[in-house]
Student: 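The following block contains the structure, expressed as structure tokens.
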Amino acid sequence: MASGGSAIRGSRVGAGPMGEQDRGFHADRIRVSYWDALGNETVRYFAANLPDEEIPDTIDCPSSGLPAGRDKENPPSVVKLEPYKTHLAYVKERRTEEEAESLLEEALQQLRVRRGKLSATN
């Protein structure tokens, strides 16, 4: 004798209260195309009864990773990234000795004030 799961014989696993026409390939859908700056088209499908304001104007294109918009003639521009900074570029941005000393003195002053408040409360 074979013992199986707890499903009732003849029932479909996963069948819910809604009918086939409300989900899957049988549901009414609309096709929305998105284009990125390189001309790649991405097609997404949305429920036909979804209001137009809930359909996103831009998405991330899966083929290029760039933002893609619904306007084919005027797609979103490519994001301009900052060039990689070398260690020397960061060294050139370091503060002068006078600025560093004033920052250190200010931080120490704040610590002394806090320490004074803590010792006063104890």
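Keep in mind that the numbers below use all heavy atoms, side chains included, and drop hydrogens, waters and symmetry copies.
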Student: Rounded to the nearest 0.5 Å, what's the gap from OG1 on Thr42 to CG on Asp60? Could you check?
Tutor: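 Output value for this atom pair is 10.0 Å.
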Student: Are more than 12 heavy atoms, taken from residues, nucleotides or ligands other than Glu97, located less than 6.0 Å from that residue's CD atom?
Tutor: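 Check fails, neighbour count at 12 or below.
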Student: Just by distance, do the side chain of Gln110 and the backbone of Ala107 share a donor-acceptor pair under 3.5 Å?
Tutor: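 Between the backbone of Ala107 and the side chain of Gln110 there is no qualifying donor-acceptor contact (under 3.5 Å).
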Student: Counting C-beta onward and ignoring hydrogens, is there a side-chain heavy-atom pair between Asn49 and Asp28 closer than 4.5 Å?
Tutor: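 Contact flag for Asn49/Asp28 side chains = no.
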Student: Taking all non-hydrogen atoms of both residues, which atom of Cys61 and which atom of Ala68 are closest, and how far apart?
Tutor: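 Scanning both residues, the minimum pair turns out to be CB-CB, 4.2 Å.
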Student: In the structure I gave you, are the side-chain heavy atoms of Asp36 and Pro75 within less than 4.5 Å of one another anywhere?
Tutor: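 In short, these two side chains do not touch, never coming nearer than 4.5 Å.
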Student: To the nearest 0.5 Å, what is the distance between CG on Asp52 and CD1 on Ile30?
Tutor: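 Rounded to the nearest 0.5 Å, the CG-CD1 separation comes to 7.0 Å.
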Student: Does Pro56 offer a backbone N or O that forms a donor-acceptor pair with the side chain of Tyr34 under 3.5 Å?
Tutor: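 Flag set: sc Tyr34 to bb Pro56 pair under 3.5 Å.
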Student: Roughly how far apart are Arg70 CZ and Ile59 CD1, rounded to 0.5 Å?
Tutor: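 So the CZ of Arg70 and the CD1 of Ile59 are separated by 10.5 Å.
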Student: For the atom pair CG (Leu38) and CD (Glu41), what is the distance rounded to the nearest 0.5 Å?
Tutor: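 Going from CG on Leu38 over to CD on Glu41, the span is 14.0 Å.
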Student: Give, for atom OG of Ser64 and atom CG of Asn40, the distance between the pair rounded to the nearest 0.5 Å.
Tutor: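 So the gap between those two atoms works out to 5.0 Å.
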Student: Under a 4.5 Å cut-off applied to non-hydrogen side-chain atoms, are Val32 and Phe46 in contact?
Tutor: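 Yes, close enough: below the 4.5 Å cut-off.
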Student: What's the spacing between Arg112 CZ and Glu105 CD if we round to 0.5 Å?
Tutor: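 Those atoms lie 5.5 Å apart.
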Student: Work out which heavy atom in Pro67 is nearest to a heavy atom in Ser77; give both atom names and the distance.
Tutor: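 So the minimum-distance heavy-atom pair works out to CG-O, 4.1 Å.
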